[in-house]
Amino acid sequence: MSESSGHSDMPEDASRAANTQESVTTCAPTPALFLSRPISVWLIIGSLIIFVLLSFFLFFETIAPVADFSFQPNVQADSGTYWELSGVRPGAFATQPSGTNVELGNNTLGPVGQAKLFRTDSGILLSNLALLIILLWVVGTMKEFDRGFFTLLLLLNPLLFSSIVTLNKEIFAITGMIVFVRYMTAKKHRGIVLIFALLISFAARWQQMAVMLLLACFESRVSPIRKKPLAGVLVTLLIFTLAYTAIYKLVPNLIAGLLAQASAGRTIRILDAIQGNFGFPLVVIPKILLNVMGRWITPGYFIKDYWSADFSNWHDQIFLEVQELLTTVLLLILLLGRKLSLKDPPVYLLALYFILTAVNPMEQPRYEYPAYVLLCLQASRFVKLGRAPIKENATSDSQTSLVPG
């Protein structure tokens with residue numbers, strides 16, 4: 001009896017062990033929210049949270065003040081114009097800070113439509129935050145880039161504050177850039193991604209959309225210069241050279257306003273004159289440097305004139321100057337490190353965008369904010385802050401933990 005009972009216990013123990021093993025193997029995976037992350041990732045997540053809190057602080061201090069604050073710095077560029085054009089706030093243009101350059105009736109589709117749709121400052125803030133979330137999500141779908149490091153570089157630039165808390169074009173421009181890079185690296189649904197990139201870029205500037213269409217044509221299956229980025233850059237230079245010279249000589253009234261604004265600077269006048277006579281390839285690099293570096297190309301300005309400016313205008317005196325410095329430094333680092341290969345989609349798009357902004361007769365450092373975002377994306381190809389520690393026998397999906405979540 002005892003032997004038989006002993007024999008009957010053995011299979012029961014084995015069955016219990018098998019059930020335990022099965023319950024372990026069929027256990028549901030741990031949600032990504034509760035996975036362990038490196039300290040660097042938590043620091044980036046914390047920085048993102050701090051940025052959002054500061055954005056709300058600036059919003060209630062400057063855009064929709066909740067009290068009669070004694071100091072309300074200006075963080076807007078052309079928001080008053082967009083509100084007026086939308087019809088939501090007649091007379092808003094009268095409150096526009098003096099000295100801003102506004103193209104009435106041109107490249108206003110995105111912010112004007114946004115104003116008509118959401119109608120309130122808080123609606124603009126929340127919709128801009130939604131676009132930022134889309135931008136970061138799209139970066140996270142491209143595994144060759146590290147979303148953590150990209151986020152860190154993005155947060156370093158204070159122009160992101162203006163892009164989030166105000167009615168503006170820049171949030172559309174930078175989101176369109178990232179979505180187009182996603183199109184260039186996509187394997188599926190490329191047509192849908194391209195249409196989305198073009199629409200959101202058109203909401204910012206039709207010129208940005210035009211450059212994207214040009215690049216999409218260069219990389220189409222029927223293009224003779226497909227996968228030949230250097231040829232694409234040279235063709236783009238040729239197109240802009242011929243087009244600008246034709247306008248300059250035949251219909252100069254189309255760019256008369258831009259030339260008038262550029263007349264205040266001596267260097268830019270000389271470069272524009274050369275450019276108007278088939279000389280754009282000769283001046284394209286100096287004009288790119290003028291746009292990227294802005295005031296930093298003449299350091300004497302910061303020794304003398306800068307400190308006498310109106311520092312209640314944070315957008316022009318702080319945000320733009322930091323943007324110019326960061327773009328210059330990041331571009332220089334990537335150039336010296338030989339990290340700007342035209343074979344990489346962000347760099348190819350960056351080169352064409354630089355050419356686009358350089359053809360403008362006047363300097364526009366603010367237009368280089370999308371270029372900064374592309375530089376951030378390219379830099380995140382080489383620095384991996386958002387990677388979780390690699391464990392043995394771990395799958396590739398479990399080896400990556402990017403910000404946010």
Side-chain angles (χ1 to χ4, degrees), residues 51 54-55 58-59 61-65 72-86 88-89 91-116 118 120-121 123-125 127-129 131-132 154 157-177 200-208 257-258 261-262 264 290-292 294-295 306 309-327 353 357 360 362-373:
F51 167 80
L54 288 176
S55 295
L58 276 178
F59 176 79
E61 174 81 13
T62 64
I63 307 301
Q72 295 180 12
N74 172 55
V75 297
Q76 307 179 65
D78 304 328
S79 300
T81 299
Y82 304 139
W83 280 115
E84 182 173 4
L85 290 175
S86 69
V88 176
R89 295 180 185 173
F93 180 64
T95 64
Q96 192 76 37
S98 60
T100 56
N101 173 41
V102 180
E103 299 174 328
L104 287 171
N106 186 21
N107 286 335
T108 60
L109 177 63
V112 168
Q114 190 182 20
K116 288 183 177 182
F118 295 101
T120 64
D121 290 313
I124 300 302
L125 171 66
S127 59
N128 286 345
L129 280 172
L131 284 172
L132 178 62
L154 193 67
N157 196 325
L159 268 186
L160 187 61
F161 285 116
S162 295
S163 301
I164 296 302
V165 303
T166 73
L167 185 62
N168 66 96
K169 293 185 290 191
E170 308 313 318
I171 188 64
F172 294 100
I174 63 176
T175 305
M177 283 290 190
I200 200 167
S201 296
F202 184 68
R205 300 178 182 93
W206 68 265
Q207 295 94 334
Q208 179 173 315
L258 298 176
Q261 294 181 57
L290 286 174
N291 281 330
V292 169
R295 295 285 190 177
Y306 178 71
D310 178 16
F311 277 90
S312 65
N313 188 349
W314 284 11
H315 182 275
D316 291 352
Q317 294 305 124
I318 299 177
F319 292 0
L320 270 181
E321 303 301 349
V322 175
Q323 139 74 17
E324 294 163 5
L325 179 62
L326 288 174
T327 307
Y353 186 78
T357 55
N360 195 320
M362 63 179 184
E363 297 176 46
Q364 279 288 6
R366 181 163 61 112
Y367 288 179
E368 301 303 337
Y369 184 43
Y372 173 78
V373 174

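Keep in mind it's a predicted model, so treat the numbers as computed, not measured.
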May I ask you to establish whether Arg205 and Tyr367 are in a cation-pi arrangement, using a distance under 6.0 Å from NZ or CZ to the six-membered ring centre and at most 45° from the ring axis?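 Yes, a cation-pi geometry.
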Under 4.5 Å between any side-chain heavy atoms of [X] and [Y], yes or no?
{"X": "Lys169", "Y": "Asn107", "result": "yes"}
{"X": "Ser201", "Y": "Phe172", "result": "no"}
{"X": "Glu321", "Y": "Asp316", "result": "no"}
{"X": "Leu129", "Y": "Ile164", "result": "yes"}
{"X": "Trp83", "Y": "Asp121", "result": "yes"}
{"X": "Arg366", "Y": "Glu170", "result": "yes"}
{"X": "Thr62", "Y": "Asn74", "result": "no"}
{"X": "Arg295", "Y": "Glu363", "result": "no"}

Minimum heavy-atom separation for [X] and [Y], please, with both atom names.
{"X": "Gln317", "Y": "Ala309", "value": "NE2-CB, 3.1 Å"}
{"X": "Asn291", "Y": "Glu368", "value": "CB-OE2, 3.3 Å"}
{"X": "Pro370", "Y": "Gln208", "value": "CG-OE1, 4.4 Å"}
{"X": "Leu167", "Y": "Ala115", "value": "CD2-CB, 3.8 Å"}
{"X": "Gly176", "Y": "Ile200", "value": "CA-CG2, 3.2 Å"}

To the nearest 0.5 angstrom, please state how far the [atom1] atom of [X] sits from the [atom2] atom of [Y].
{"X": "Leu320", "Y": "Asn157", "atom1": "CG", "atom2": "CG", "result": "9.0 Å"}
{"X": "Ile124", "Y": "Gln114", "atom1": "CD1", "atom2": "CD", "result": "4.0 Å"}
{"X": "Ile174", "Y": "Leu160", "atom1": "CD1", "atom2": "CG", "result": "6.0 Å"}
{"X": "Arg89", "Y": "Leu85", "atom1": "CZ", "atom2": "CG", "result": "13.5 Å"}
{"X": "Glu324", "Y": "Leu159", "atom1": "CD", "atom2": "CG", "result": "9.0 Å"}
{"X": "Thr108", "Y": "Tyr82", "atom1": "OG1", "atom2": "OH", "result": "7.5 Å"}

Please find out if less than 6.0 Å separates the ring center of Tyr369 from that of Phe319.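 For Tyr369 and Phe319, the ring centres are not under 6.0 Å apart.
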Trp314/Phe161 under side chain to side chain contact (heavy atoms under 4.5 Å, CB included): CA gap, chis, key distance, verdict: CA-CA 11 Å; Trp314 284 11; Phe161 285 116; over 6 Å; no
Closer than 3.5 angstrom, by distance alone: can the side chain of Asn168 be matched with the main-chain N or O of Thr166 as a donor-acceptor pair?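 Yes, Asn168 side chain to Thr166 backbone: donor-acceptor pair under 3.5 Å.
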Show your reasoning for whether side chain to side chain contact (heavy atoms under 4.5 Å, CB included) applies to Met177 and Val373. CA-CA 8 Å; Met177 283 290 190; Val373 174; 5.6 Å; no
In sequence, state the C-alpha distance, the side-chain angles, and the governing distance for Leu125 and Thr120, and then conclude on side chain to side chain contact (heavy atoms under 4.5 Å, CB included). CA-CA 9 Å; Leu125 171 66; Thr120 64; over 6 Å; no
Are Thr357 and Gln364 close enough that a side-chain donor and a side-chain acceptor fall under 3.5 Å?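 There is no such pair (donor and acceptor under 3.5 Å, judged by atom type) between the side chains of Thr357 and Gln364.
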Going through the checks in order, is the side chain to side chain contact (heavy atoms under 4.5 Å, CB included) test met by Val165 and Asn128? CA-CA 7 Å; Val165 303; Asn128 286 345; over 6 Å; no
